[in-house]
Amino acid sequence: MMEGSVNASEPRVSLETRGLGIRFGGHVAVNAVSCAFRPGELTCIVGPNGAGKTTYFNLISGQLRPSEGSILLQGRDITAMPTSARALAGLGRAFQLTNLFPQLSVLENIRLVVQARRGFGFSLLSLWTSHRDAIAEAETCLERVSLQHRRDATAASLPHGDQRKLEVALLIALNPDVFLFDEPTAGMSIDEVPVILDLIREIKTDSSKTVLLVEHKMDVVRSLADRIIVLHNGTLLADGDPATVMESPIVHEAYLGMSAKEAAAIEQVAHD
Amino acid sequence: MTTHAPAPSFIRRLLSGDLPRSRILTVILIAIVVGLVVAPFLVPGARSLNTSAKILIFIALVASYDLLLGYTGIVSFAHTMFFGIGAYGIAIASTRMEPGWTALAVGTSCAILLSVILATVIGLFSLRVRAVFFAMITLAVATAFSTLMSQLSEWTGGEDGITFKMPTIFQPAYRLFEEPVLGIVINGRILSYYAILIAVVVLFLLMLRIANSPFGRVLQAIRENPFRTEAIGYRTVFYRTIASVISAVFATLAGVLMAIWLRYNGPDTTLSLEIMVDILLITVIGGMGTLYGAIVGSVVFMIAQTYLQDVMVLVSKASEHIPLVATLAHPDRWLLWLGLLFVLSIYYFPQGVVGSLRDRARGT
């Protein structure tokens, strides 16, 4: 997407990838994906397994270096920036597999994020407990995901659903401009899913935030997405509002491998 | 916290809010500290004083290694190199210059400078890649350094090492008072001992502070999950490098204390791989990532190392008539028993003494 296509009436672009691609040996995992994302918009990234969704996220958040193309955050080229700098520049990522600090307390998991954002990690001679506002802020984040009763438990001792909540809490604590959620409800029980979705919905209401969401569950996509992009074999196959994307024949073709139930769900979205 | 009365706030401040968190551990630690303070009076004699001084120096040395291994999760084999740099700094400065306070200051500063440079270079070059690679690099550099020190015999005394003089008040012939105090002559040895004691207390409290600072918390995050630490905004390679530099500086200072105590330095006293293995063992036995483990571990280890042979002489004499037992209990086999002792303790207390006592206090 070129800057020329962004006219004055559209809100500014927060995150953009230009011809972004990565090859592993001969295999092209992500193939020249150009896409721009705007504040106040929640984009769902869908596609069959192995379509390159998580790899695309890894390129954006910096876990992988692209073979080609560039990434722009608020108009600034961040392609060469290390992961840690991207996080502080406003790009937050929640992981598909729960990725916490297992033996540290629930509160400490969040407090570390607050500390990173406030930038006092190199303070060697102050006591961590003396930075009270950071602790208070971490406690607020803890309340937002309703985990205050597990404040002092180790992250490893939490049940899976609570670990997913904590994962989201880390992102809330980082308070980035762009949120990357990689299957935030994976492995959660049915009754826990709405809690996570409500949290994402809450983030979405802030018009300054951009949300990217990789999701398999079509009902989740339907209830949250403002826009859907479809990746297939690493290539951007379709991009647009949910109804249009779901109707497009090319998408149906790409999804041929999926179950009848999911295909029906897509139909449902298309008719809504 | 429910197991004991709250500590007075000045002690809490002194310990950076990081209390022993176990009643048994508190009692053990108080006993050790009191024991080390009164040791010269309680068990007079050159040998016990020597053991006490070595315990003190190892507390500082092992605690500095714990910052790296236990807190940050970095395995380094170059820790004795930094220990040696400190000791050689004092040794070379005291032989090349007029022995005295200036030589001590110059030797210490040069040693710290060299350690900082080496630790920074090793860290930035190898801490961004796999942990195993870092361990290998440190082993290679430490071996090279050890060989270099043996080769530069004109400066270092080679394999024989060098003896040197200390400032007057640390010389054995020095007398602080005409009359003995509590039956003990306060000579330069006793004064060296107390100078080392004070230095170790300061170094230990400083390390405890660093471990409980925002920086120390990031180190623990790196140990737990380096990948996520980076993802939430910490440049892990810098934190790891700074941790290894801090650890190197404290090891260097421990080396300085060793040189002050022995008034001699050679490859076997500070640089050998054997000492590196001792440091590793003490860290694990005491309890990784606790710092207090360095205190308990050093005491257990040094006492075992010094007195196990004595005990075995007794056992061996008592079992003269039982053939196999007498052979196994021969004082020359003391390393075998020491080894067995460690295997058992690591098997039964993988958390180390401190970790196990804290688990007990928590009731898990």
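Just so you know, these numbers come straight off a predicted model, no measurement behind them. Naming convention: chains lettered A, B, ... in sequence-line order (proteins, then strands); numbering from 1 in each chain.
Heavy atoms of A:Ser61 lying under 4.5 Å from chain B are absent altogether. The contact between A:Leu174 and chain B is made entirely by side chain atoms (from C-beta outward), counting heavy-atom distances below 4.5 Å.
Shortest non-hydrogen contact noted between A:Ser123 and B:Pro214 is O-CD, 3.5 Å.
Highest contact tally toward chain A, considering only B:Gln220, B:Glu230, B:Arg228, B:Arg209, is held by B:Arg228 [criterion: heavy-atom pairs under 4.5 Å]. The choice from A:Arg93, A:Arg86, A:Glu167, A:Arg117 that makes the most heavy-atom pairs within less than 4.5 Å of chain B is A:Glu167. Among the candidates B:Thr229, B:Thr236, B:Asp18, B:Leu206, the residue making the largest number of heavy-atom pairs closer than 4.5 Å to chain A is B:Thr229. Ranking A:Leu100, A:Thr129, A:Asn109 against chain B, the residue ahead of the rest is A:Leu100, based on heavy-atom pairs under 4.5 Å. The most heavy-atom pairs under 4.5 Å with chain B, out of A:Leu88, A:Leu127, A:Thr83, A:Leu170, come from A:Leu127.
Atom OH of B:Tyr347 has 12 or fewer heavy atoms from other residues, nucleotides or ligands within 6.0 Å. Within 6.0 Å of CZ in A:Arg65 there are more than 12 heavy atoms belonging to other residues, nucleotides or ligands. Applying the 6.0 Å contact sphere to CZ of B:Phe238 captures no more than 12 heavy atoms from other residues, nucleotides or ligands.
For the atom pair A:Ser126 OG and B:Asn212 CG, the distance stands at 10.5 Å (nearest 0.5 Å). Atom CD1 of B:Ile232 and atom CD of A:Gln115 lie 8.5 Å apart (nearest 0.5 Å).
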Task: ring pair (Phe, Tyr, Trp, His ring centres under 6.0 Å) between B:Tyr239 and A:Phe122, intermediate numbers included - done: CA-CA 8 Å; B:Tyr239 282 88; A:Phe122 284 115; 4.2 Å; yes
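A centroid separation of less than 6.0 Å is found between the aromatic rings of B:Phe227 and A:Phe95.
At distances below 3.5 Å, not a single donor-acceptor pair connects side-chain atoms of B:Tyr234 with backbone N or O atoms of A:Val113. Between the side chain of B:Ser213 and the backbone N or O of A:Leu124, at least one donor-acceptor pair lies under 3.5 Å.
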